[in-house]
Structure formats: structure tokens, C-alpha cells
Amino acid sequence: MPSECTEPLTSPFGELATNLSDSELRETAYEILVGARLSSGGKSSTYASDSEKNSERAAATPQTLTSRAASKVKKALGLRSRRKKASEKAESERVKKVSTIGETMRVQMRVSEQMDSRVRKALSKVAADQKIESMVLPLEMLQQLKPSDFPNQEEYEACQRRNLKLLEAGLLLHSLVPLDDENTAPQQLREIIDGALEKPLETSKNNETMQALRTVVLSLACRTSNNIGSVSETSTHWADGFPMNLKIYQMLLEACFDVNDETSVIEELDEVLELIKKTWLVLGMNQMLHNLCFLWILFNRYATMDQAEGDLLSAGNNLLIKVENDAKAMKGDENYCRMLSSTLGAILSWAEKRLLGYHRYFRSDNAESTMGCVVSMAVLSVKIMEGGEGISNEDHIEGNEMDVGQEKVDAYIKSSLRAAFVQIMETVKSSKSSSTGQQNELPFMAKLAEDVSTLAFTEKETFSPILKRWHPLAAGVAVATLHSCYGNELKQYVSSIDELTPDILEVMKGADKLEKDLVQIAVENSEDSEDGGKSIIREMLPYEADSVTSNLVKSWIKTRTDRLKEWVDRNLQQEVWDPRANRERFALSAVEVLRIVDEAFEAFFLLPITTHSALLPDLATGINSCLQHYISMAKFGCGTQSTYVPTMPPLTRCSRRSKLPSVFKKKEKVPKKSQAGTVNGNENDSFGTPQMCCRINTLNYIQNELNVLAKRDITHLSSSGTNQDIADRMEKVFEFSAAACVEGMQQLCEATANKVIFQDLSHFFWDGLYIGEVSSTRIDPFLQELDHYLEVISITVHDKVRTQVITEVMKVSFDGFLMVLLAGGPPRAFTLQDYEIIDEDFNFLTDLFWSNGDGLPAELIDQFSTKVKDILPLFNTDTDSLIEKFKQVTLESCASSSAKSKLPLPPTTGQWSPTEPNTVLRVLCYRNDETAAKFLKKTYHLPKRL
């Protein structure tokens, strides 16, 4: 055992608040024991002379000794008889010297005959008149003992100081009942004790200080108990407070160990414990507290005495089972629970220190006898501290304890095996450093695999059978832990490899053998388990040799793709999307990205491996991810429809008398040249119309080149004899990036169109068209500016996507035209006479996109203009007819008949249609006549203006 195994343990009972030494506590314990024996009618109730005591010794018989030897307590605790360990001569001498149990206790507690006589003499004077539980022992000893009873004055004064400190500790510092703040007795006692500690106390009966001491001590010690149906009883309590009572009681229980052999329990254990039990009334003890204290005494003696006496540990474990039952009965006792928690915490701490590294503390020769008890005590301690509710005797093993035990043992196995693995690593490293340069020397990782395999078989044979009592898969957990430890080291080893070498093959061979050994142990250990060990096997992530090369290549692929992603991020930050950068009018960064992708594939096929076809999808996936990142960043920040389309204002009614807000009265007409000059955008504006077209061209270029790249790789694979399945998969390897290009181009087209209509041309369109007088704010200025933008788009964007971009501009302009008419806000109002202007303006707009046959196809224009053409006739419908139409479509759309008594306000869906209630309502809202205004006011109380 390591030397630190026997370090002294801290008492769980705590420390006293006064400096009473162990010898002073032992003397006090002996005095209480003698007083309790005398009070209970024990032998020598009066002072016994030396000759009488000698006659007691001579009265001992072999039958008496035989009955003592048959200790029931020892048998219950599993303690073996120790008489045969000593020689017959030594045993004979002990029998002659120690005859009565009282004499046994005197010897065991290291009390001299002189002190014994002094104590018996003093107590015999008071025991005849009162029982031990009704006296304050230190007070009586102060009164009865005189300087003449001691060899010298120093011993007398030391005894007096001890009794004063006992009064202080028992009545003031550790009183079971809290002191009353209003009671002056504690202060009086402190003053008397302080004075007596400075100058010896005169203890004669008539001494004034002694009388005052007796008065104040009895006032603090006496408590009256009123029992129903009986006369009130008064008893004294001076030694039943915690932890003073436990400290004194500990001294009594220490007497159970042979003074000549500190690890042996005396044969008279039953009689000694029966005698000690007589002190319970004075010390406030009971069977449960006794069990807890005795548990600590047995455990502490084992832990601090070289741990050579396994009987003590086994006895402690058996006693802990009793404590488990006691704990359930004593849940409401605060003092007991506090001491229980402290005691079990100390035991658990000691046990777990060893169990969390049991390979260091236990060996094959002591594992069975010792380790099992240590595990049992640890598990029981945890169970008791956690409550242990719901555990019956029947499921004591199979119920909650099994859950606690399995959880704890699982932690012990993993912790200890990890520590053992680290120790093996250090040993192998040390061995390697001292044998550098030897031929045929195994690489470090191969030698480590050999030693770990040896450790696994040792675990299986020595420790797993013990631990299986708490964990059915103990060996499986052990090998899974070793498998993980070695796997982590193997992973680091492989991560540092740049190329394949013979050493790598040797390491992989050793790793493969180790893995097979570990899996075999796990399978054998799991034969009786429900899942046949599948759960354990699943934890053992394989590290077979065949996968190492693949992992190395995958690491190479990751490095390449990570660098590509970094390059993408760095260059996109500098990209200005200038269409003038090259003749194809796409970004130069796309050219560089695809060049790096091409180089990565070429380098991959030059790698000296035979698994290109199996690993090609990994490379393609990584590059695919980088490409999609580039595509995503190419459209980042360009906005969407919601970015540019203005929010529809709330509905209002129009009035001939209402005046336009001042902001709409006069619109300064921006010169065409100055507005048109912004079409090409600022050179530093990466979101101008040319730049947006460049982004669209770039995604179109990438889409086309990905198809070329995929075909080239398929050709390369076919020429190298790759199976057709891999070639077929390569056709689809870039389908996500290609789809991302298509989606990205559509989003950019939509963003470009909305930006042109609602942001770049907002002054002519949303903020200008039909504001105020319709005839003076027609669509011509907007068409002139839009024509310039369409020209720039046509010149800049690639032929393959030109129609797509312009179509999006047309769709947005048509939708915007409807928004102006149906959601343009209070500044706009239309009469029936305005219909011809509006209809003519829309025809001008469609003609712009047809461009005398040079623009978009007529059928495409008709497709997207149908909705506007269907709605425009509403502006040519008289108000009364419009109101009736609105009522009709509204009621038809209303689901419940009860709502027909009042027209509901139709919600804004944005799905404009001549039969959609909200569309018809909006035509009424923007109808500039009195009838419409009155209807809207009466029906919906719509305001005139915002």
C-alpha cells in the first residue's frame, strides 16, 4: 500500500470549543463509566480496598472466560476471535491480571490504580444518595476530591482545571438546549470559572464561591420533564450536548481495542459494550448514535493502522448496514443527521480516494477481501446520504442501491483505468527514452498497445469479478475506457502524421490486436446482459488500421477546403463587383475560386493512394460547401422585396374639399440628365445596378463552369477504371451548388428590379406618379428614366440571363403600378375621367418592355399584365355600381350569415383582383367623389387623411 494510505483522518464529530485533551476526555469518560456502574447497583458501590479487588480477580473462572469469548457482537459484526494469536503465557498473565469487567475497562482505558481508587472513593460518597443521571459529575468531583487524594499539588490543580473546563464545555459551549439570553447564570458561571482557572478553587462545602458555583451549575443543568400521567421529574444534563457527548463516548469505545494490539478487538466485547451502555443517560446517547460512533471507531482504527486488519473493515461495513436502517428512523433528529452526514462524508471521501484509483491501492492478494468492503461502504454511504427512500428488504440489492452502486462503480472503473493508462504511458515513455537506438524496437504506440492489453486482462481476472456485484458490465466498462484512452492517443498520433511510414503500419497492427482483445473481453463479460453487450460495444468507436489512410486523406481534404474558405472570405471583402473587370462582365474572384477548385482536384488525383474513388465525395463535399459559401456571400446585403417595397399606408377616404399635404403640393422635377447619370452607379457602390448585374453574371458563370468541372472529373475517373457508380455520383456532386446559383440569380434579379423601381426611381414613381392632379403627374418621366436603366441592364447582364432580369423589372413595375393606384396613400385620388389617362399610361409602360418587338416577347408581357388590365376597369365604373359590387363580393366572401347585417372590413391580402373585396374597397377609397366618401365614412368611419 502507498504510504499515504494511513494518513490520520479528521474526526467527523467536530472539535470542542475548549482545549480538553484526549487524556482529559478519557479520564472524564472513565469517571462517568464508574459512576454509572455504581449508580446501577454494580459491584463495589462503596470504596473497595486493594485486597477486595484482588479477591475479585481471583474469583474469575474458566467458564467466565469461555462465555466472554463467545461474543455475540463479534459474531454479528464478522470479527474473528483473537485469543489464539497471543501465546498461552501472555494469555495466562492477562487472565490473572484482569478478572472483572470493571478491571478490564480500567486497564483498557489506561487508568492507573491510584486514579481508579481516587475516583471510586469520591463517587462512593455521592452514589449512595443520588443516581449518576441526577448529578453533575464534574461539580461533585470538585467537591469530593482534596489535595490529599493526589500525589502532588500540580495533579490536584490539573484535575480541578479539567472539571472546570468540563463544566464550561457541557453547560456553556456545547449545551444541548440553547442558552437563554436573558439568563444571568451563564455569565456568573463564566466569571467563577475564569477566577478558578487563575487561582485554585477552595472546594469546602461552606466556601461561598463553591456554594455559588453549585447553585449556578444546578440552575443550568437541571431540566424538568413533564410526562403525561406521571409526576414531573428533574434530571441534570451536563454532558449530552454535541459534539462533547460523542467525544467522551469515543473514549469509551476506544477501550474495545486491546491495549497491547491496537488492531484487535478484546474478547470481552459484549460485557464492555453492556457496561458502556450504562453511560447513555448521562451522555444523551441511544442505540442509533452508538452504532454511528462505533462505526467510526472501527473504520478509523482500520484506516489509520496500516489497513492490515481486514476484519475491522468488514465489521464497519456490517455495522454500516445497521446505520442505514437507523438513518430512516432518525430523519427528524437534526443532531443525528448532521453527525451522520459528517461521518459518512469522511468514510466516502476516504473510500473514493482509493476507489477512484484502485489499481494503485489494491492488488490481486487483497482485492477480494478488502476492495469489496470498501466499495460496499462507499455505495452504502452514498445511498444513505441520498435518502434511500423506497428500498425494501426484498429489493435491497436489485433496487435503488443497485442504481447508486452501478453509477458509482462506473465512475470508479473509468477514473482508475484512466489513471492506470496514464501511468503505463509514462512507463513506456521512460523505457523508450532509455533504450533509444535499439534495433527492432517497437514504436511507442505499438508498445503502449501491448501494455494496455496486459492491463485489460489483469482487470478482467482481478477486479471485474468483485465490481460485477454492483455493475453487471464492469469488465465491459473497463475495456471501453481503455479503448477510449488508447483511441484518443491514437487520434493525436495520426493527426501529427504527414505521410505513411512502416512505423505507422506497425502501430496500426498493434492497435488492431488491442482492439480485438478489448472487444473479446467486452463480449465475454456481456453474455448474460439483456442486450448482449451491444451498448458497450457501441461505445467503442473502432480505430481499425484500414481507416487510417482514409483519415489522413480526409485531413488533407479538410486543410485544402479550409484554406479555400479563408481565401473566399478574404477576397470577397475586397470584391467591388465591377462589370468592367473583364470582357465577360463577371467578378474576377469567381475565376480564382474555380481555379483553386480545379487545382484541388488535380492534386487529389496525384495522391499516392488507391482509394481515390471512395474519397472523392469527401473532397467534392468540402469544395461544394466553399462554393455555396461564395454564392451566399455574393448575394449578401443585396436586399429582398421587403427591403425596397414601401409599406402600404392605412386606408382613408377621399374628399373633393380635402387638401393635399404641403409635402406633395410642389414637386421639383429632377433634370433627366442628373438622374440618368446615376444609372451606372458609383464606382465604390457595390450595390449599384451595374454591380448587381455583375453579381448575377458571376453566379451564371459559376453554374456553367461547375458543369464543365463535373464532366472533366467523370472523364478522369472513367480513364482510371473507376466503377460506374462513382462516376454517376460525380454527375450530381455539384447539384446543390448549381441549384444555389439558380436560386441566387433569381433573388438578385428580384432585388435588382425592386431596387430600380422603388429606390432608384422612387422620385419619379412612388413619390411622383399621380400625386395631386393626375393629368399633370403622368408616367412619362418615369418611363424615360426606366428606359435608361433597362439599357444599362441589357448592356451589362449576360445574354443568358438578360430576359430573366428585365422580366423581373417588368413584374415589379406592374405590381408597383397597382400599388400606386390601390395603396398610394391620401396624396392620390382618382375620378372617373382619370381612367383614360391611367389606362393610356399603363399601355405606355407595357410598350416600353415590348419596344416595338425588340424587347420582351408579347406573350410574356401579356402574361404579367393581365392582372392590371383586369383591375383597371374598376376605375371606369361609376361609384354607385362600385359600391354595389363591393357589397356583393364582400358578402359572398363572408362565411357566416350573422355577419351580413354589417359589412365586415375585408383584410388586406395583397392578392389584387376585380372580385377581391379589399381591391374594390381600395378603388372606392381613392375615388374622388362625395358618394364614395359618405359610404366609407358611414360604413367604416375611415378618416380623410392620416
Side-chain angles (χ1 to χ4, degrees), residues 568 571-594 626-645 678-709 734-761 786-813 815 849 855-857 860 864:
V568 168
N571 282 269
L572 280 178
Q573 291 176 0
Q574 303 170 0
E575 183 61 71
V576 295
W577 307 101
D578 185 0
R580 298 169 298 181
N582 58 51
R583 190 174 62 181
E584 301 293 332
R585 297 184 295 281
F586 53 73
L588 292 178
S589 57
V591 179
E592 285 300 303
V593 167
L594 293 176
C626 294
L627 289 172
Q628 291 187 56
H629 177 64
Y630 181 93
I631 295 165
S632 175
M633 295 303 296
K635 62 184 181 180
F636 179 76
C638 295
T640 61
Q641 180 181 4
S642 60
T643 307
Y644 302 106
V645 176
T678 64
V679 175
N680 292 322
N682 191 306
E683 290 184 0
N684 296 323
D685 180 12
S686 60
F687 299 104
T689 302
Q691 287 75 18
M692 296 288 277
C693 293
C694 179
R695 292 171 186 264
I696 296 170
N697 291 340
T698 301
L699 297 190
N700 178 66
Y701 169 74
I702 292 175
Q703 180 190 10
N704 295 331
E705 287 301 307
L706 289 179
N707 294 330
V708 174
L709 183 61
F734 292 122
E735 64 180 352
F736 293 113
S737 291
C741 287
V742 173
E743 181 185 3
M745 284 189 288
Q746 179 60 32
Q747 292 174 357
L748 287 171
C749 289
E750 292 175 359
T752 302
N754 281 282
K755 181 177 180 297
V756 167
I757 300 300
F758 289 107
Q759 178 172 298
D760 297 346
L761 299 180
L786 179 58
D787 187 40
H788 289 293
Y789 274 86
L790 292 176
E791 183 179 353
V792 170
I793 292 173
S794 298
I795 295 173
T796 307
V797 82
H798 195 276
D799 296 345
K800 290 185 177 181
V801 290
R802 181 180 297 124
T803 298
Q804 181 180 357
V805 179
I806 295 179
T807 299
E808 284 301 322
V809 176
M810 177 183 70
K811 286 168 57 180
V812 172
S813 65
D815 291 341
F849 289 101
L856 297 176
L860 192 62
F864 292 106

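All values below were derived from every heavy atom in this structure, side-chain atoms included, with hydrogens, water molecules and symmetry-related copies excluded.
- Residues Arg585 and Cys693 form no side-chain contact, since every pair of their non-hydrogen atoms from C-beta on lies 4.5 Å or further apart.
- Cys694 and Ala587 make their closest contact through SG-N, 3.8 Å (heavy atoms, listed as atom of the first residue, atom of the second, distance).
- The heavy-atom pair separating Arg802 from Val797 by the smallest distance is CA-CG1, 3.4 Å.
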Practice item. Decide side-chain hydrogen bond (donor to acceptor under 3.5 Å, both in side chains) for Gln747 and Glu743; before the verdict, give the C-alpha distance in whole Å, the side-chain angles of both, and the deciding distance to 0.1 Å. Key: CA-CA 6 Å; Gln747 292 174 357; Glu743 181 185 3; 3.2 Å; yes

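- The heavy-atom pair separating Tyr630 from Ser589 by the smallest distance is OH-OG, 2.7 Å.
- Within 6.0 Å of CZ on Phe736 lie no more than 12 heavy atoms contributed by other residues, nucleotides or ligands.
- Using a 4.5 Å cut-off on side-chain heavy atoms (C-beta onward), Gln703 and Val742 make contact.
- Here the shortest heavy-atom pairing between Thr752 and Met692 reads OG1-CB, 3.3 Å.
- Among all heavy-atom pairs drawn from Leu699 and Ala634, the shortest one is CD2-CB, 4.0 Å.
- Two residues are said to be in side-chain contact when any heavy atoms from C-beta on lie closer than 4.5 Å; Cys749 and Val801 fail this criterion.
- Atom NZ of Lys811 is separated from atom CG of Asn754 by 10.0 Å, given to the nearest 0.5 angstrom.
- Taken to the nearest 0.5 Å, the CD1 atom of Ile702 stands 7.0 Å off from the CG atom of Leu627.
- Annotation: Gln641, atom CD; neighbour count of heavy atoms from other residues, nucleotides and ligands within 6.0 Å does not exceed 12.
- Judged by distance alone, the side chains of Gln746 and Glu750 do bring a donor and an acceptor atom under 3.5 Å apart.
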**Study point:** Stepwise side chain to side chain contact (heavy atoms under 4.5 Å, CB included) test for Phe586 and Val591
**Key:** CA-CA 9 Å; Phe586 53 73; Val591 179; 3.3 Å; yes

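- To the nearest 0.5 Å, the span separating NE2 on His788 from CG on Leu790 amounts to 10.5 Å.
- Residue Glu791 qualifies as open at atom CD: its count of foreign heavy atoms under 6.0 Å is 12 or below.
- In this structure, CD1 in Ile793 is found 8.0 Å from CG in Leu786, a value given to the nearest 0.5 Å.
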Exercise for review: Quick one: do Leu588 and Asp578 satisfy side chain to side chain contact (heavy atoms under 4.5 Å, CB included)? Show the steps, please.
Suggested key: CA-CA 9 Å; Leu588 292 178; Asp578 185 0; over 6 Å; no

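- Rounded to the nearest 0.5 angstrom, His798 NE2 and Thr698 OG1 are separated by 11.0 Å.
- The closest side-chain heavy-atom distance from Phe734 to Asn707 is not below 4.5 Å.
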Check your understanding: Could you go step by step and tell me if Glu584 and Tyr701 meet the side chain to side chain contact (heavy atoms under 4.5 Å, CB included) rule?
Key -> CA-CA 9 Å; Glu584 301 293 332; Tyr701 169 74; over 6 Å; no

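- You'll find the side chain of Ile806 stays beyond 4.5 Å of the side chain of Tyr789, heavy atoms only.
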Practice item. Go through the steps to decide whether Lys755 and Asp760 satisfy the test side chain to side chain contact (heavy atoms under 4.5 Å, CB included), and finish with yes or no. Key: CA-CA 6 Å; Lys755 181 177 180 297; Asp760 297 346; 3.2 Å; yes

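- You'll find the side chain of Val809 reaches within 4.5 Å of the side chain of Phe849, heavy atoms only.
- Between the CG atom in Asn571 and the CD atom in Gln574 there is a gap of 5.5 Å [rounded to 0.5 Å].
- Side-chain atoms of Ile696 and Thr796, non-hydrogen and from C-beta on, never get closer than 4.5 Å to each other.
- Contact annotation: the side chain of Val756 approaches that of Thr689 to within less than 4.5 Å [non-hydrogen atoms, C-beta and beyond].
- Every residue two or more places apart in sequence or in another chain that forms a side chain to side chain contact (heavy atoms under 4.5 Å, CB included) with Asn704 is listed here: Asn700, Lys800.
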